[in-house]
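In what follows, a structure is listed as structure tokens, so that the remarks can point back to it.
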Amino acid sequence: MRGKTVYVLNGPNLNLLGQRERAVYGEATLQDVEQRCRAHAAGLGLEVVFRQSNNEGELIGWVHEARDKAAGIAINAGAYTHTSVALHDALRAADLPSVELHLSNVYKREAFRHTSFIAPVVNGVICGFGVDSYVLAISALSALITASKKG
Ligand code: DQA
């Protein structure tokens with residue numbers, strides 16, 4: 001049901017969580033992240049559609065789908081965060097409560113990670129808390145959805 005469903009979208013290379021650059025991204029796998037998201041969202045009365053793709057077009061398709069089917073979007077767009085005008089446009093068009101998130105603190109890292117094409121079209125950004133960034137993003141989304149229903 002739209003009012004209770006949030007899309008948690010994951011971009012390129014996040015399928016390798018728990019295997020790649022563990023010093024940066026931690027030990028948890030994407031499956032572990034999905035379980036944390038589902039458990040936390042359930043406590044807030046939300047259902048999660050959790051997806052990952054290495055393909056920019058597929059992510060854009062899911063943002064379009066969320067436009068019709070979801071109450072909000074939490075997105076870790078991975079490296080597309082720093083490159084994708086198309087994801088910027090899709091999120092703008094979706095016009096839903098939305099949160100950008102990252103496991104790592106991108107501002108402590110290379111300069112090319114300091115630019116986000118997505119940040120200007122979401123409600124807020126959470127980064128640097130590892131898997132907790134997902135949990136915090138879902139809490140923020142829940143508050144935004146509640147506020148948008150009152151408004
Ligand atoms: C990331 C940060 C991005 O800069 C990077 O390209 C990723 C993961 C994060 O979750 O910390 O793939 O989005």
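For ligands, and for the atoms within them, numbers begin at 1 and follow the listed sequence. Values below: all heavy atoms of this structure, side chains included; hydrogens, waters and symmetry mates excluded. Everything numeric here is computed off the predicted structure, so don't read it as measured data.
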Nearest non-hydrogen protein atom, [atom]:
{"atom": "atom 11 (O) of ligand 1", "value": "Ser104 OG, 2.6 Å"}
{"atom": "atom 7 (C) of ligand 1", "value": "Tyr25 OH, 3.5 Å"}
{"atom": "atom 1 (C) of ligand 1", "value": "His102 ND1, 3.6 Å"}

Heavy-atom distance under 4.5 Å between the side chains of Glu27 and Val131, does that happen here?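 Side-chain contact under 4.5 Å: no.
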Does any non-hydrogen side-chain atom of Ile75 lie less than 4.5 Å from one of Tyr80?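 No, too far: nothing below the 4.5 Å cut-off.
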As a quick check of understanding, evaluate side chain to side chain donor-acceptor pair (under 3.5 Å) for Glu100 and Ser116, giving each step before the final call. CA-CA 9 Å; Glu100 171 187 335; Ser116 169; 2.8 Å; yes
Is [X] touching ligand 1 with its side chain, its backbone, both, or neither, if touching means heavy atoms under 4.0 Å apart?
{"X": "Arg113", "result": "side chain"}
{"X": "Leu103", "result": "both"}
{"X": "Val106", "result": "side chain"}

Taking CD in Glu21 as the centre, count heavy atoms belonging to other residues, nucleotides or ligands within less than 6.0 Å. Is the count above 12?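 Above 12, so yes.
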Count the heavy atoms belonging to other residues, nucleotides or ligands that lie under 6.0 Å from CZ of Arg92, then report whether that count exceeds 12.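 Open.
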Examine ligand 1 and decide if any of its atoms is less than 4.0 Å from a heavy atom belonging to Asn13.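 Distance cut 4.0 Å: Asn13 fails for ligand 1.
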For side chain to side chain contact (heavy atoms under 4.5 Å, CB included), just list the numbers for Leu136 and Phe129, CA-CA rounded to whole Å, side-chain angles, deciding distance to a tenth of an Å, and then say yes or no. CA-CA 9 Å; Leu136 292 166; Phe129 300 98; 3.8 Å; yes
Which of the numbered atoms in ligand 1 are under 4.0 angstrom from any heavy atom belonging to His82?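 Matching atoms, with element in brackets: 3 (C), 4 (O).
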So, regarding [X] and ligand 1 (criterion: nitrogen or oxygen to nitrogen or oxygen, under 3.5 Å), is there a contact or not?
{"X": "Ala79", "result": "yes"}
{"X": "Thr81", "result": "no"}
{"X": "Arg20", "result": "yes"}

Over 60° means perpendicular and under 30° means parallel, so tell me whether His102 and His82 are parallel, tilted or perpendicular.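 Answer is parallel, since the angle falls under 30°.
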Would you confirm whether His88, through its side chain, and Ala119, through its main-chain N or O, come within 3.5 Å as a donor-acceptor pair?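 Side chain of His88 to backbone of Ala119: no pair is present.
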